[in-house]
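Worksheet: one structure, shown below.
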Amino acid sequence: MLDVIHRAIADVLQERGLDQRVCYTRVTVVPPDGTAVDVECSDPRVAAEVQQRVRSVPGAEGVRLVVLPAPGLPDTALVASAVADVRRDPSHRSELVSQAIHGDAVTPLKAEGDWTLVRLDDDYIGWIRDWHLRPWSRQARDAFLTRAGHRVRPNHAVVVTAPAANAMPVAELVVGTPLVCGEVPGRGWVAATLADGREGFVRRADVEKRSRRRPTPAALEATGLRFLGIPYLWGGSTPNGFDCSGLIQRVFRLNGLLLPRDSDMQARLGEERQISGPGDLVPGDLVFFGRSREAITHVGLVLSGGGFLHSYGQVVVNSLDKSDARYSDRLASIWQFTRRPGAPKSPSRRRKPAPGT
């Protein structure tokens, strides 16, 4: 029976173009006699299809379907830490697969010990330690975002208890964190309220107005170049460390587009460019790399100078042009195609995967 259930889950996910990064499933044999099997699933359509496929199998009467979210959880949770790690399994030893920042809203799916399984705003699913989360209603989320007309501008900024350089810290935040900014209490400072209600002061130079304008290649490039030198981190998507797709997702997110989390998912969006060589690359496009077109593992952002920005040991600029001093023979040998990213999505909802190399 277990083999039948696992095969049904795998088949349904494949047919729907899903995987465990965006659709959580777990099959558990229930004690004490082991005659029942619980099948947890975060997608009711997948759950219904799996149930249909195992219905006629002997022993199917012992299969119990559990559709997440589990009862008793808040409909939304606030990420209250500056950066919260998202892991594959509920353990600090488990693989880091993504990150969320203060002010992000996540959907709790189930609780297990000190961990909560959540769906992020790009649909990626993973585990966050409870100490990073606070219950948050959709109404409270919407009300805060309506008031939060500013965001953190530099890669890192500190909120302090008083408008003075020697004041005690309240929080250290990363670029893009939304803030409600009030009156200017002193030269060079503004009052700031965080999503979790904490208040303090931040340097005026460290905040900027939130913009909803469509990004331009120049804006994407300017954003990306601010991250040069930041070290590679598998699963990283903040200035604390980036993997390749986490870097691209953050650059586009800061410019109003929410892309999927992984390079292979990003490679499915938008329009493919028909180009004959590096000289035809268009700034703002994405270049994708891998062993084949069907096995994309790396991504970079094309810049105006002919190179491309990516996270490769650290955030660097390389080139696919042999005449360029930044040329990378290894990457040129696995360059597969170039795409213009798809239609814009507001950075607060839908679709995601896991990190790329």
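These numbers come from the heavy atoms of this one structure, side chains and all, not from hydrogens, waters or symmetry mates. For the single chain, residues carry numbers from 1 onward in sequence order.
Side-chain atoms of E95 and W234 form a donor-acceptor pair, as typed in the model, at a separation below 3.5 Å. At a cut-off of 3.5 Å, with distance as the only test, a side-chain donor of S304 or E221 sits close to an acceptor on the other residue. No hydrogens or angles considered: a donor-acceptor pair under 3.5 Å links the side chains of S323 and D321. With 3.5 Å as the limit, one finds a donor-acceptor pair spanning the side chains of N240 and H156. Between the side chains of S245 and R261, a donor-acceptor pair is found at a separation under 3.5 Å.
Within 6.0 Å of CD on E15 lie more than 12 heavy atoms contributed by other residues, nucleotides or ligands. Annotation for R198: atom CZ counts as buried by contact number, over 12 foreign heavy atoms lying within 6.0 Å.
Between R87 and D85 a salt bridge is recorded (basic side-chain N to carboxylate O distance below 4.0 Å). In summary, R151 and E208 engage in a salt bridge, as defined by a charged side-chain N under 4.0 Å from a carboxylate O. Electrostatic pairing of R21 and D264 counts as a salt bridge here, judged by a charged N lying under 4.0 Å from a carboxylate O. Using a 4.0 Å cut-off between charged nitrogen and carboxylate oxygen, D285 and R340 count as a salt-bridge pair.
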Decide yes or no on salt bridge (Lys or Arg N to Asp or Glu O under 4.0 Å) for R253 and D121, but give the supporting numbers first. CA-CA 11 Å; R253 182 191 285 267; D121 63 357; 2.8 Å; yes
Test R26 against E40 for salt bridge (Lys or Arg N to Asp or Glu O under 4.0 Å), laying out the working first. CA-CA 5 Å; R26 187 169 75 170; E40 292 179 301; 3.2 Å; yes
Can D130 and T116 be said to form a side chain to side chain donor-acceptor pair (under 3.5 Å), step by step? CA-CA 6 Å; D130 284 351; T116 300; 2.6 Å; yes
Could you go through the salt bridge (Lys or Arg N to Asp or Glu O under 4.0 Å) check for D142 and R138 one step at a time? CA-CA 6 Å; D142 294 343; R138 292 189 178 94; over 6 Å; no
E49 vs R45, test: salt bridge (Lys or Arg N to Asp or Glu O under 4.0 Å). Steps then yes/no. CA-CA 6 Å; E49 182 65 22; R45 299 166 301 172; over 6 Å; no
Please determine whether side chain to side chain donor-acceptor pair (under 3.5 Å) holds for the pair E272 and T338, giving the CA-CA distance in whole Å, both sets of side-chain angles, and the decisive distance to 0.1 Å. CA-CA 6 Å; E272 182 171 348; T338 302; over 6 Å; no
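Closest approach of Q336 to G290, counting heavy atoms only: NE2-O, 2.9 Å. For the pair H310 and G300, the tightest heavy-atom approach, listed with the atom from each and the gap, is CB-CA, 4.0 Å. In terms of heavy-atom proximity, V207 sits nearest to C181 at CG1-SG, 4.2 Å. Across R250 and Q99, no two heavy atoms sit closer than the pair NH2-O, 4.4 Å. Listed here is the closest heavy atom pair of N255 and P215: O-CD, 3.3 Å. The nearest pair of heavy atoms linking I248 to L259 is CG2-CD1, 4.0 Å.
Applying ring pair (Phe, Tyr, Trp, His ring centres under 6.0 Å) to H298 and the options F288, Y312, Y232 leaves one that passes, Y312.
Under the 4.5 Å side-chain criterion, counting only non-hydrogen atoms from C-beta, L109 is in contact with I125. In this structure, T76 and S137 have side chains that are not in contact, with every pair of non-hydrogen atoms separated by 4.5 Å or more. Using a 4.5 Å heavy-atom cutoff, the side chains of D38 and V27 are not in contact. Looking only at side-chain heavy atoms (C-beta outward), V50 and V12 come within less than 4.5 Å of each other. Looking at heavy atoms from C-beta onward, T297 lies out of side-chain contact with F289 at the 4.5 angstrom threshold. The shortest side-chain heavy-atom distance between F252 and L301 falls under the 4.5 Å cut-off. When side chains are defined from C-beta on, T193 does not count as touching L179, because their heavy atoms never get closer than 4.5 Å. The closest side-chain heavy-atom distance from R273 to L286 is not below 4.5 Å.
Ring orientation note: the planes of W136 and F144 are tilted relative to one another, at an angle of 30° to 60°.
Residues satisfying the salt bridge (Lys or Arg N to Asp or Glu O under 4.0 Å) criterion with D3, sequence neighbours excluded, are absent altogether.
Taking the six-membered ring wherever Trp is involved, the centroid distance between the rings of W131 and H92 falls below 6.0 Å.
Side-chain atoms of R291 never come within 3.5 Å of backbone atoms of A295 as a donor-acceptor pair (strictly under, hydrogens ignored). Remark: side-chain polar atoms of S319 are not paired, donor with acceptor, to backbone N or O of G307 under 3.5 angstrom.
For the atom pair CZ of F227 and CD of Q314, the computed distance is 14.5 Å after rounding to the nearest 0.5 Å. The CG atom of L303 sits 5.5 Å away from atom CG of L225, with the distance rounded to the nearest 0.5 Å.
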